[in-house]
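Reviewing the structure listed below.
When reading the values below, keep in mind they use all heavy atoms of this one structure, side chains included, and skip hydrogens, waters and symmetry mates. To find a chain, count down the sequence lines: A is the first, B the second, and so on, and within it residues start at 1.
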Amino acid sequence: MAESPITPRGKDFAAWYQDVVLQGDMAEPAEIVKGCMVIKANGYAVWELLQKELDTRFKELGHSNVYFPLLIPQSFLKKEAEHVEGFAPELAVVTIAGGKELEEPYVIRPTSETIIGHFFSKWIQSWRDLPILVNQWANVVRWELRTRMFLRTTEFLWQEGHTAHSNHDEALEEVLRILDVYADVAENVMAMPVIKGVKSRAEKFAGALRSYSIESMMQNGLALQAGTSHDLGQNFGRAFDVKFQNKEGQLDYVWQTSWGVSTRLIGGLIMSHSDDKGLVLPPRLAPVKAVIVPIYRKDEEKGPVLEAAHRIAKEVGAKVDLREGHSPGAKFFHWERRGVPVVLELGPRDIASGNIVLKRRDTGTKEVLAQTDLSARLAAVLDAMQGDLLASAKQRLKDNTVTAESIGEVEEILKNVTAEKGGGKFVMARVKDDPACDARLKEFKATVRNIPLVDEYDGGGKCIVTGEEVDRRVVIAKSY
RNA sequence: CGGGGCGUGGCUCAGCCUGGUAGAGCGCCUGGUUCGGGACCAGGAGGCCGGAGGUUCGAAUCCUCUCGCCCCGACCA
């Protein structure tokens, strides 16, 4: 047996991840463009499926898609004090265009709150213009120091929703509604369980009043922020003079929200389910759900096998691997690495018996069934796989979540955790929402991931850093 | 930007110390035999050794400069 091209998870989780991305034909480093990647057909197809799931939900909630410019006047970024401070280090700036130095440089958008604020101020005069609910599918650029494919690249794809409301309650409702959409897609489409919560003040989006996130746990126990939804308050309204006249005839600044998920989700998907044999995709996000590998020795076997393969493929919506010059074994490995949920083997023996062999990607189990039962059985298997992937991810999250009662205990649990070696945990401990406490955790490279919206633990008690009373435990972890 | 490493066929690398006709494995192409978990045989294509300068009769190899990439640290969806 040939050596696997994939580093086992236990040996080096980071190397394993790279191998799975590459071998699964999801993406490859751009090389010639620092920190960027090429998303390949198999990866982009997953993104398209995710886009469809999200887009449908956004539209059901009344949002419309729009598109704002990639280039943003540099001065815009500076209008919101916290925002510029947060993004300044990672901006790419265009200073020359058309062969001439620009009077005012453009930044390539790292996010679009500022330029959208500008247009909101033009569009909004009255409470009757509100709410505005828009979303854009776009690319953004953030000059990151350390990149990893899908998880953090210089350029990435995402959606950013932007809404404006006449009061804070309504804006906050929007923020939480979207957080629910994200959690729904993560759990029910991606089979990736998440914890909904509020970011600590130290970790919130630059310019937001509060940020909310969904956090998930990867197989190495590291946390991944899978989506964020921001309550921007009136900060951008003030910065961009987005005013409206309310029912009482008074001028007020709008209350805004913004929210996004990115191609990072694909990284999360990979690190949630894949194994040492390669990519594992939940059926709902698998571009190809089943592949038939035809098996034949002699020419007189080839005809009937291919004929049956095509007929069955049509019936159940599978793809037939017709490549010449590859043995069936090589084909099995090929599709396995690419995360196809089900591989169907069809050879002379099956033609004779009217059967077909079905192999499930996640469990590796094989079953022989009558061709006539395949359609129903395939649907059931895909359904079961979707459910089982979520169940096992939930179990892993549960198994690797612990409580701690002192800062020393937290440090002891997390100090030796790395992306390569793994061993990460979600440590539930009481920590006050104070940047000084976040700083204390940072001493051993851990962060407050979020403060869960739903307290599933034992309520309030004393902060392990300051000793002050807090009302619940927060999620502490090392993260991507 | 600090510390470490690396640039040689498409990929992974050997060769460099001790200068003398550019190599291996994988992949690719052709033909044949194979095919129920990574097939085999035969033939073949493919490289100004990252770039520039220098030393030398002669440089992948020695010297100087340069460019780029990867890893570790400080920032982050």
Side-chain angles (χ1 to χ4, degrees), chain A residues 1-6 12 14-15 18 22-23 28-36 85-91 109-112 138-148 150-160 182 199 202-206 211 213-216 223-230 258-268 277-278 292-299 301-302 305 321 323-337 343-353 355-357 359 364 366 368 418-420 442 445 447 479-480:
Chain A
M1 181 148 143
E3 199 180 330
S4 170
I6 296 168
D12 182 338
Q18 288 261 7
L22 256 20
Q23 295 295 325
E28 68 179 61
E31 286 180 335
I32 48 164
V33 188
K34 188 171 165 57
C36 292
E85 197 190 324
F87 281 105
E90 43 186 298
L91 293 179
R109 66 177 162 227
T111 178
S112 302
N139 56 338
V140 289
V141 166
R142 298 181 184 178
W143 216 257
E144 304 289 353
L145 298 173
R146 180 116 156 74
T147 57
R148 303 178 199 260
F150 289 114
L151 300 173
R152 173 165 296 105
T153 47
T154 299
E155 180 186 7
F156 59 93
L157 306 182
W158 75 347
Q159 59 69 217
E160 46 177 324
Y182 289 162
K199 291 304 251 189
E203 296 280 331
K204 74 179 171 63
F205 175 74
S211 290
S213 75
I214 51 169
E215 301 284 333
S216 56
L224 184 76
Q225 179 173 304
T228 48
S229 186
H230 310 295
S258 69
W259 28 273
V261 294
S262 70
T263 37
R264 164 179 270 194
L265 286 178
I266 297 174
K277 290 182 288 198
I292 299 177
V293 174
I295 297 156
Y296 45 81
R297 259 184 308 258
K298 312 177 192 80
D299 275 350
E301 289 170 347
K302 185 174 172 178
V305 167
D321 187 344
R323 292 174 302 153
E324 298 282 349
H326 292 270
S327 66
K331 291 180 178 181
F332 296 146
F333 280 107
H334 176 81
W335 297 111
E336 189 166 77
R337 282 199 297 265
V343 170
L344 300 164
E345 308 180 17
L346 188 67
R349 293 208 296 268
D350 303 300
I351 299 301
S353 61
N355 289 338
I356 189 161
V357 179
K359 184 170 185 193
K366 265 189 194 184
V368 180
T418 66
E420 294 74 30
K442 219 158 192 186
K445 293 175 183 131
T447 47
S479 68
Y480 276 103

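Listed by chain and number, the residues in a side-chain contact (heavy atoms from CB on, under 4.5 Å) with A:Glu85 amount to none (sequence neighbours excluded). Checked against ring pair (Phe, Tyr, Trp, His ring centres under 6.0 Å), A:Trp158 has the following partners two or more places apart in sequence or in another chain: A:Phe156.
As judged by a 4.0 angstrom heavy-atom cut-off over every strand, A:Arg337 is placed among the base-contacting residues. A:Val357 comes within contact range of at least one nucleobase, with a heavy-atom separation under 4.0 Å. The residue A:Pro110 sits apart from the nucleic acid: no heavy atom pair falls under 4.0 Å.
One C1' atom belongs to B:rA42, the other to B:rU8, and the distance between them is 29 Å to the nearest Å. The gap from the C1' atom of B:rC41 to that of B:rG53 amounts to 50 Å, rounded to the nearest Å. Rounded to whole Å, the separation between the C1' atoms of B:rC17 and B:rG47 comes to 24 Å. Comparing the P positions of B:rG58 and B:rU21 gives an interatomic distance of 15 Å, to the nearest angstrom.
For A:Glu301 and A:Arg349, the salt-bridge test fails: no basic side-chain N is under 4.0 Å from an acidic carboxylate O.
With distances taken from any side-chain atom of A:Glu336 to the nucleotides B:rG36, B:rG37, B:rC75, the minimum falls on B:rG37. With B:rC70, B:rG37, B:rA77 as the candidates, the nucleotide lying closest to the side chain of A:Arg142 is B:rA77. Relative to the side chain of A:Arg264, the nucleotides B:rC71, B:rG73, B:rA77 differ in distance, and B:rA77 lies closest. In the set B:rC35, B:rA77, B:rG36, the nucleotide with an atom closest to the side chain of A:Arg297 is B:rC35. Here the nucleotide nearest the side chain of A:Ala330, chosen from B:rA77, B:rG73, B:rA39, is B:rA39. Nearest to the side-chain atoms of A:Thr228 among the listed nucleotides B:rG38, B:rC75, B:rA77 stands B:rA77. For A:Phe332, whose side chain is taken as the heavy atoms from C-beta onward, the closest listed nucleotide among B:rG37, B:rC75, B:rA39 is B:rG37. Of the candidates B:rC35, B:rC69, B:rG36, the closest approach to any side-chain atom of A:Lys34 belongs to B:rC69. Distances from the side chain of A:Lys445 to the nucleotides B:rG73, B:rG36, B:rC75 place B:rG73 closest.
Between A:Lys442 and A:Lys298, the residue whose closest nucleotide on RNA chain B is further toward the 5' end is A:Lys298. When each of A:Glu420 and A:His326 is assigned the nucleotide of RNA chain B with its nearest heavy atom, A:His326 is the one assigned upstream, toward the 5' end.
Scanning atom types as modelled, no donor and acceptor separated by under 3.5 angstrom connect the side chain of A:Ser327 and the base of B:rA39. For a distance-only test at 3.5 Å, the side chain of A:Lys366 qualifies as a donor-acceptor partner of the base of B:rG37.
A:Phe156 qualifies as a stacking partner of the B:rA77 base, centre to centre under 5.5 Å and near-parallel within 30°.
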Problem set entry | Trace of the side chain to side chain donor-acceptor pair (under 3.5 Å) decision for A:Ser213 with A:Gln225 | CA-CA 7 Å; A:Ser213 75; A:Gln225 179 173 304; 4.8 Å; no

